[in-house]
Amino acid sequence: MFRIKISCLLILLVMTSTFVSAQQKSSINLWSFQSIANVGLLEGQTGSAFQLQTVNGARYKSWFAGVGLGLDYYRIRTIPLFIDIRKEFGKNSGKLFIYADGGISFGWATDAQKTGYWLNDQFHNGFYSDMGLGYKSAIGKKSAVVISIGYSYKKANESYSSPYYYPNYYATDIMPPNDSREKIGYSLNRLSMKIGWAF
């Protein structure tokens, strides 16, 4: 009788440890690291432009959250730094998803894009956002092609020194700029289309 009790106890311990181990592995597998590299087109009132993005973060079940960095050439070249959040729908290899990005757009304008680049022209940081929906098609166990379309907004602020004209000089003579600065604000609304690789 004693041996039967010991045997039952050992079987119970083995089954419990196996169950706990399986639960731990299952919970660990729910979390995974993921990177997404995007290339895309921005379309708006001022024309078309190219964009590049890389996003790195963590997946949990059907949710993803990460930090993104990119190049945005629309109207004024900028570097967006943003938080990316995604939610997937479906259990097949092909899944629909929605996404929302929000962050800061750092100005990095070219000389041709500056209004008064020869008068101490500066671009200041502005708000950046992008939200929309997409489709993710798995290729293998860890990779997928990602296609998305959404609405993107970029705010940029430019300031530059104004030339000062002295009345005793000819109209064509421009003296060094004074302390006053002209300011221009850009509110840019765009259609964002991207294709990328998730891995």
Side-chain angles (χ1 to χ4, degrees), residues 29-115 122-158 184-199:
N29 290 336
L30 292 178
W31 288 92
S32 62
F33 177 81
Q34 186 175 58
S35 295
I36 304 169
N38 287 320
V39 60
L41 181 69
L42 293 161
E43 188 73 35
Q45 289 184 338
T46 62
S48 304
F50 180 68
Q51 64 173 326
L52 283 172
Q53 288 182 351
T54 177
V55 183
N56 299 282
R59 289 180 49 82
Y60 178 74
K61 294 184 178 180
S62 61
W63 288 90
F64 171 85
V67 177
L69 184 68
L71 275 175
D72 184 329
Y73 284 89
Y74 186 84
R75 180 61 180 85
I76 298 160
R77 185 178 61 183
T78 56
I79 301 174
L81 176 65
F82 55 92
I83 300 294
D84 180 280
I85 298 175
R86 300 175 182 228
K87 167 67 176 174
E88 295 179 355
F89 302 93
K91 296 183 179 180
N92 300 323
S93 59
K95 299 179 181 179
L96 293 174
F97 67 89
I98 56 174
Y99 72 92
D101 299 344
I104 302 172
S105 185
F106 296 94
W108 188 33
T110 65
D111 286 346
Q113 294 171 337
K114 296 177 180 179
T115 302
Q122 296 178 353
F123 275 85
H124 308 280
N125 303 337
F127 179 70
Y128 169 83
S129 68
D130 186 1
M131 59 188 67
L133 54 89
Y135 181 76
K136 179 180 177 182
S137 179
I139 299 177
K141 293 183 178 180
K142 296 184 178 180
S143 300
V145 173
V146 181
I147 301 172
S148 65
I149 184 167
Y151 163 77
S152 178
Y153 173 80
K154 176 170 74 170
K155 176 72 174 177
N157 299 298
E158 180 185 15
I184 303 174
Y186 301 92
S187 295
L188 305 171
N189 301 283
R190 304 86 56 82
L191 178 66
S192 174
M193 296 168 284
K194 292 175 284 190
I195 183 169
W197 184 261
F199 56 94

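If you're wondering where the values come from, they're calculated on a predicted model, not measured in any experiment.
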*At what distance, to the nearest 0.5 angstrom, does CD of Gln45 lie from CG of Leu188?*
9.5 Å

*Phe82 vs Ser129, side-chain contact (heavy atoms from CB on, under 4.5 Å): CA-CA, chis, key distance, verdict*: CA-CA 8 Å; Phe82 55 92; Ser129 68; over 6 Å; no

*Please lay out, stage by stage, how Leu42 and Tyr73 fare under the test side-chain contact (heavy atoms from CB on, under 4.5 Å).*
CA-CA 8 Å; Leu42 293 161; Tyr73 284 89; over 6 Å; no

*Main-chain N/O of Ala138 paired to Ser143 side chain as donor or acceptor, under 3.5 Å*: no

*Got a second to check how far Trp31's CH2 is from Lys61's NZ, nearest 0.5 Å?*
10.5 Å

*asked:* Using 0.5 Å steps for rounding, measure from the OH atom of Tyr74 to the CG atom of Asn189.
replied: 8.0 Å

_Residue among Ile139, Asn38, Val146 satisfying side-chain contact (heavy atoms from CB on, under 4.5 Å) with Trp197_ = Ile139

_Non-hydrogen side-chain atoms of Phe50 and Val39 separated by less than 4.5 Å_ = yes

_Enumerate the salt bridge (charged side-chain N to carboxylate O under 4.0 Å, His left out) contacts for residues 186-199, please, sequence neighbours excluded, ordered by first and then second residue._
Asp72-Arg190, Asp130-Lys194

*Which atom pair, heavy atoms only, marks the closest approach of Ser187 to Tyr153?*
OG-OH, 3.4 Å

*Could you tell me how the ring of Phe123 sits relative to the ring of Tyr186: parallel (under 30°), tilted (30 to 60°) or perpendicular (over 60°)?*
parallel

*asked:* Suppose the criterion is salt bridge (charged side-chain N to carboxylate O under 4.0 Å, His left out): which pairs have a residue in residues 131-141, not counting sequence neighbours?
replied: Glu88-Lys136

*asked:* Suppose we screen for side-chain contact (heavy atoms from CB on, under 4.5 Å). Which residues come up paired with Ser105, at least two apart in sequence or across chains?
replied: Thr78, Tyr128, Lys154

List the atom pairs, with distances to 0.1 Å, where a side-chain N or O of residues 89-96 and a protein N or O form a donor-acceptor pair under 3.5 Å, not counting sequence neighbours.
none

*All side-chain contact (heavy atoms from CB on, under 4.5 Å) counterparts of Trp108, not counting sequence neighbours*: Leu71, Arg77, Ile79

*asked:* Looking at every non-hydrogen atom in both residues, tell me the closest pair between Phe97 and Ser148 and how far apart they are.
replied: CZ-CB, 4.1 Å

*Which atom pair, heavy atoms only, marks the closest approach of Arg75 to Thr46?*
CB-OG1, 4.0 Å

_With Ser48 via side-chain contact (heavy atoms from CB on, under 4.5 Å) - residues at least two apart_ = Leu41, Glu43

*Partners of Ser35 by side-chain hydrogen bond (donor to acceptor under 3.5 Å, both in side chains), sequence neighbours excluded?*
Asn56

*Drop me the distance from Phe199's CZ to Lys142's NZ, to the nearest 0.5 angstrom.*
12.5 Å

*Under the side-chain hydrogen bond (donor to acceptor under 3.5 Å, both in side chains) rule, collect the residues that match up with Arg86, sequence neighbours excluded.*
Asp84

*List the atom of Ala198, the atom of Ile36, and the distance in Å for their closest heavy-atom pair.*
CB-CG1, 4.1 Å

*Listed by chain and number, what are the side-chain hydrogen bond (donor to acceptor under 3.5 Å, both in side chains) partners of Asp101, not counting sequence neighbours?*
none

*Can you name the closest pair of heavy atoms from Phe64 and Gly66 and give their distance?*
CE2-N, 3.9 Å

*Non-neighbouring partners of Thr54 that pass side-chain hydrogen bond (donor to acceptor under 3.5 Å, both in side chains), sequence neighbours left out*: none

